[in-house]
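In what follows, a structure is listed as structure tokens, so that the remarks can point back to it.
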Amino acid sequence: MTAGYALLVSIAQSTSADDVWRLATRYFASLGFGLVNYGFTRFRSTRTIGDPDDALFLTTGSEAYARGYFRNGFYAKTPAFRWAQNNEGACTWTWVREAMLAGKLTPEEIETVKHNVAMGITAGISISFPETSARAKGALGLIADPGISVEAVDALFAEKHDELLAVANMLHLRLIQLPFSNRRRALTTRQREALEWIADGKTSQDVALLMGVSAAMIEKHLRLARETLSVDTTAQAVAKAALMNLIFQRNPTDASPVPVAAR
């Protein structure tokens with residue numbers, strides 16, 4: 001068994017997002033990409049990625065970096081984000097340099113490029129994953145360590161293309177199978193249980209009997225679940241919880257925080 005194959009198996013068999021992230025980012029770091037950013041949403045529209053609180057954002061960067069890059073929306077102003085929104089596949093950042101020299105970047109994108117250069121971020125790889133849902137979108141950014149040139153990344157990408165994409169895609173496919181919580185607060189065990197019974201077609205009265213509590217308590221669990229998920233109806237709560245892998249999970253408490261900083 002080759003090391004690359006063993007890594008793919010380990011990622012595929014991981015039962016927590018933390019383990020998946022640790023295994024994949026350790027591999028990327030060994031190639032010279034110590035800073036890795038990942039984003040995924042199931043609530044994309046034609047204009048936005050949806051509520052950022054419902055998206056999964058992971059980074060190996062510091063908390064300060066995560067706050068600036070994700071929470072303050074810096075990522076959405078970058079040319080790499082525009083590319084990921086409109087494409088599937090992978091590319092190095094050679095095109096960013098060429099587009100800037102050709103005057104094809106917006107003023108806002110130019111400012112983000114200059115900001116990154118000032119931070120020593122000049123080379124990297126963008127990966128935009130294919131999705132089966134029109135509402136879903138996932139992307140990964142591999143930022144080259146300081147001192148690694150655009151040309152060096154191009155050469156590495158040509159050499160490691162298949163292996164690198166195999167790890168990146170396994171990372172993505174495993175993460176989207178695992179539960180993740182939003183930034184507001186997590187569903188409680190009883191809220192998840194109530195939603196699961198409702199999803200099975202039970203009435204609130206049925207759920208009260210099954211859970212051994214009053215109907216009023218079930219209504220409270222469902223109301224709080226709706227508030228946590230920012231929806232208006234219980235049917236919407238069930239649908240959203242299912243999309244975010246928050247119900248019918250073997251290990252529902254394994255949901256990863258957003259974002260994940262370097263460990």
Side-chain angles (χ1 to χ4, degrees), residues 7-8 10-29 31 33 35-61 65-66 69-71 73-93 95-96 124-143 157 161-183 239-246 249 254-261:
L7 174 60
L8 293 176
S10 295
I11 294 174
Q13 294 179 344
S14 295
T15 58
S16 76
D18 279 353
D19 286 343
V20 171
W21 185 243
R22 176 181 52 80
L23 288 166
T25 55
R26 186 168 59 189
Y27 164 78
F28 296 136
L31 298 180
F33 302 101
L35 179 56
V36 182
N37 296 324
Y38 172 83
F40 176 70
T41 180
R42 285 191 171 90
F43 305 99
R44 181 175 65 158
S45 66
T46 56
R47 294 180 179 273
T48 73
I49 65 165
D51 187 344
D53 282 343
D54 293 328
L56 176 63
F57 293 130
L58 303 177
T59 183
T60 57
Y65 173 85
Y69 188 78
F70 289 122
R71 295 178 189 170
F74 179 85
Y75 71 93
K77 304 172 185 178
T78 65
F81 176 79
R82 173 165 58 90
W83 180 89
Q85 283 279 77
N86 298 321
N87 296 276
E88 292 181 353
C91 70
T92 67
W93 291 1
W95 79 269
V96 176
I125 298 171
S126 294
I127 302 172
S128 181
F129 300 105
E131 307 294 351
T132 57
S133 167
R135 300 294 304 280
K137 191 62 200 176
L140 184 72
L142 306 177
I143 294 86
F157 187 57
H161 178 275
D162 292 348
E163 179 181 283
L164 190 150
L165 289 187
V167 174
N169 278 280
M170 184 62 76
L171 160 76
H172 173 62
L173 291 173
R174 193 69 189 105
L175 282 176
I176 65 176
Q177 293 177 326
L178 295 167
F180 60 91
S181 58
N182 61 29
R183 292 189 182 89
K240 192 168 186 178
L243 281 173
M244 298 177 72
N245 300 325
L246 296 177
Q249 288 288 328
D254 282 345
S256 289
V258 184
V260 172

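Only this structure's heavy atoms are used, side chains among them; waters, hydrogens and symmetry mates stay out. Remember, predicted model here, so these are calculated numbers, not experimental data.
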Would you indicate whether the side-chain heavy atoms of [Y] and [X] approach each other to under 4.5 Å?
X	Y	result
Phe28	Val167	yes
Phe40	Ile176	yes
Thr59	Leu35	yes
Thr60	Phe33	no
Leu8	Tyr27	no
Ser133	Arg44	no
Leu31	Leu142	no

Any chance you could measure [X], atom [atom1], to [Y], atom [atom2], to the nearest 0.5 Å?
X	Y	atom1	atom2	value
Trp93	Phe157	CH2	CZ	13.0 Å
Phe129	Leu140	CZ	CG	5.0 Å
Leu58	Thr25	CG	OG1	9.5 Å
Leu165	Ile127	CG	CD1	5.5 Å
Trp21	Ile11	CH2	CD1	11.0 Å

Legend entry - Ser16 to Leu178 - nearest heavy-atom pair and separation: C-CD1, 3.6 Å

Legend entry - Taking every non-hydrogen atom, the tightest pair across Ala84 and Ala139: CB-CB, 4.0 Å

Inset, instruction - Check the angle between the aromatic planes of Tyr69 and Tyr75 and answer parallel, tilted or perpendicular using the 30° and 60° thresholds. - result: tilted

Legend entry - Any donor-acceptor N/O pair, Arg42 side chain to Leu243 backbone, under 3.5 Å: yes

Inset, instruction - Determine whether the side chains of Arg174 and Gln177 contain a donor N or O and an acceptor N or O closer than 3.5 Å. - result: yes

